[in-house]
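Both ligands and their constituent atoms are indexed starting at 1 by order of listing. Throughout, numbering of the chain's residues begins at 1 and tracks the sequence.
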Amino acid sequence: MAPVIEARGLTHEYPDGTTAIRDVDLTVDRGERVAVVGANGSGKSTLQLALGGLVEPTAGAVTYFGETSDAEAVRDRLGVLLQDPDDYLFNTTVREDIEYGPAQLGQPRETARRRVDALAAELGLEDLLDRPPFRLSGGEKQRAAVASVLAFDPEVLLLDEPFGAVDARYRERIRESVTDRDGTLLWFTPSLDAVPEVAERVVLVSRNGSIAADGPVREILTDRTLLRDHGLRPPATVRLFEGLVEREKLPLTVEAARRYLRRDE
Ligand SMILES: Nc1ncnc2c1ncn2[C@@H]1O[C@H](COP(=O)(O)OP(=O)(O)OP(=O)(O)O)[C@@H](O)[C@H]1O
Ligand SMILES: [Mg+2]
C-alpha cells in the first residue's frame with residue numbers, strides 16, 4: 001500500500017531568509033504513530049505546516065496516499081492541529097467550532113451533532129459548548145481545538161503539541177482519543193515524557209531543521225548523547241534507571257518502571 005505521506009527533499013525558507021526545515025525525507029505508512037521531536041526552533045511546526053500543505057515548500061514535495069501532491073485535494077483526509085489553538089476557534093460558540101469540520105464535509109447535521117456530543121463528553125467540553133471560544137482558558141481552548149480536528153475523523157492526524165496547556169486528566173483523554181483509532185498519527189513535540197505512550201517511531205529534528213535520526217522509540221529515547229546533542233533529554237524513567245538496567249530493558253514509561261520493580265522484588 002502506498003505511504004500516507006511521502007516527503008522528498010522538503011525544504012522551507014521563510015521570507016526573512018530563515019531556513020526552518022532542510023532537505024527532509026520522510027515516509028509515513030498507514031497506521032503508523034510517529035513522534036516528531038526536537039528542540040524549540042528546530043523546525044517541527046514548519047515541518048507540520050509543510051506536510052499538511054499549509055506552507056509551500058521552497059524545495060521538495062509531499063505526496064499524499066501515493067495519489068497527489070496537492071494537499072487541497074486531500075484536505076478532508078488530513079487533520080492538522082496547529083500549535084496555537086486560537087488558529088481554529090473563530091465561530092461564535094465552541095459547538096459551532098467543533099461542528100465546522102463535519103459541516104464543511106457535508107455530513108448530515110444529526111450525525112455531526114452526535115459526534116460533537118461524544119467528543120465533548122470525551123474531552124470534558126459539555127459545559128463549554130455554548131460559550132464563545134475566546135472566553136475559554138488556555139487548556140480548555142486546546143481541548144476544544146483537538147475536538148474540532150477529531151470531529152471530522154481524518155485518516156491522518158498531524159498534531160502540534162496538543163498537550164501544551166492541558167492538565168493531567170485531559171492529557172490522558174487526548175492520548176486515548178488519538179491512539180484508540182485506526183488512523184495514522186504524527187505528533188510534534190519538544191517534550192519526550194509522553195512520547196512512548198503515544199508513538200512507536202521517533203523522528204528527531206536537529207537544530208538546523210534536518211532529520212538527525214529516525215527509528216523505533218526505544219532506540220532514540222535511550223540514546224542520551226544523541227538527545228543531548230539536539231537539546232533534549234530522555235524521559236524521566238529512562239534517566240532514573242540509566243546505569244542500573246541494561247539499555248534494552250530501560251523502562252520508557254512509569255507503568256513499565258513499576259512492572260520492572262515488581263518483577264525484581
Ligand atoms: N513566520 C516565520 N518567519 C521567519 N522565521 C520563522 C517563522 N516561523 C518560524 N520561524 C523560524 O523557523 C525556525 C523553526 O521554527 P518552528 O516554529 O518550526 O520551530 P519548532 O520546532 O516548532 O519550535 P517550538 O518547539 O518552539 O514550537 C525557528 O528558527 C523560527 O524562529
Ligand atoms: Mg512549534
Side-chain angles (χ1 to χ4, degrees), residues 5 7-26 28 33-62 71 78-90 138-139 141-146 148-149 154 156-167 171 174-175 178 184-199 201-215 217 220-221 223-224 226-236:
I5 284 182
R8 287 287 163 262
L10 207 60
T11 298
H12 185 70
E13 186 183 322
Y14 284 106
D16 69 355
T18 307
T19 301
I21 53 168
R22 213 174 283 264
D23 205 17
V24 169
D25 289 336
L26 180 64
V28 179
R33 297 207 305 258
V34 183
V36 179
V37 306
N40 289 149
S42 56
K44 301 178 297 297
S45 295
T46 309
L47 179 58
Q48 187 221 22
L49 293 172
L51 293 176
L54 298 174
V55 299
E56 186 72 27
T58 37
V62 185
L78 307 176
V80 183
L81 177 76
L82 303 179
Q83 190 162 7
D84 183 353
D86 284 331
D87 290 335
Y88 291 79
L89 308 169
F90 48 85
K141 273 186 198 166
Q142 208 156 22
R143 277 151 46 203
V146 169
S148 73
V149 171
V156 187
L157 289 176
L158 298 107
L159 307 179
D160 197 353
E161 193 49 283
F163 275 0
V166 174
D167 65 39
R171 283 187 177 208
I174 292 175
R175 188 184 67 73
V178 303
T184 308
L185 173 66
L186 282 86
W187 178 285
F188 299 76
T189 179
S191 154
L192 303 186
D193 281 328
V195 164
E197 293 174 332
V198 170
R201 171 179 164 198
V202 175
V203 171
L204 172 61
V205 185
S206 72
R207 284 201 187 81
N208 75 358
S210 60
I211 303 283
D214 181 348
V217 168
I220 310 273
L221 296 197
D223 191 337
R224 171 180 285 273
L226 173 75
L227 294 175
R228 194 193 47 221
D229 288 350
H230 294 91
L232 302 173
R233 63 180 189 175

## Note on the structure
In this structure, OG1 of Thr46 is separated from CD of Glu13 (nearest 0.5 Å) by 12.0 Å

### Query
In terms of side-chain geometry, is the basic nitrogen of Lys44 or Asp160 positioned less than 4.0 Å from the acidic oxygen of its partner?
no

### Nearest-0.5 Å distance that lies between atom CG in Asn40 and atom OG in Ser45
9.5 Å

### Task
Output the distance between atom CG (Asp214) and atom CG (Asp25), rounded to the nearest 0.5 Å.
10.0 Å

### Query
Under 6.0 Å from the CZ atom of Arg8, do we count more than 12 heavy atoms belonging to anything else shown?
yes

### Message
Return the CZ to CG distance between Arg171 and Asp193, rounded to the nearest 0.5 Å.
### Response
9.0 Å

## Note on the structure
Within the heavy-atom cut-off of under 4.0 Å, ligand 1 is lined by Tyr14, Asp16, Thr18, Ala20, Ala39, Asn40, Gly41, Ser42, Gly43, Lys44, Ser45, Thr46, Gln83

### Query
Just wondering, is there an N, O or S atom on Ser45 that's nearer than 2.8 Å to the Mg ion (ligand 2)?
yes

### the Mg ion (ligand 2) to nearest N/O/S of Gln83 below 2.8 Å
yes

### Message
Donor-acceptor check, side chain of Thr58 to backbone of Thr11, threshold 3.5 angstrom: yes or no?
### Response
yes

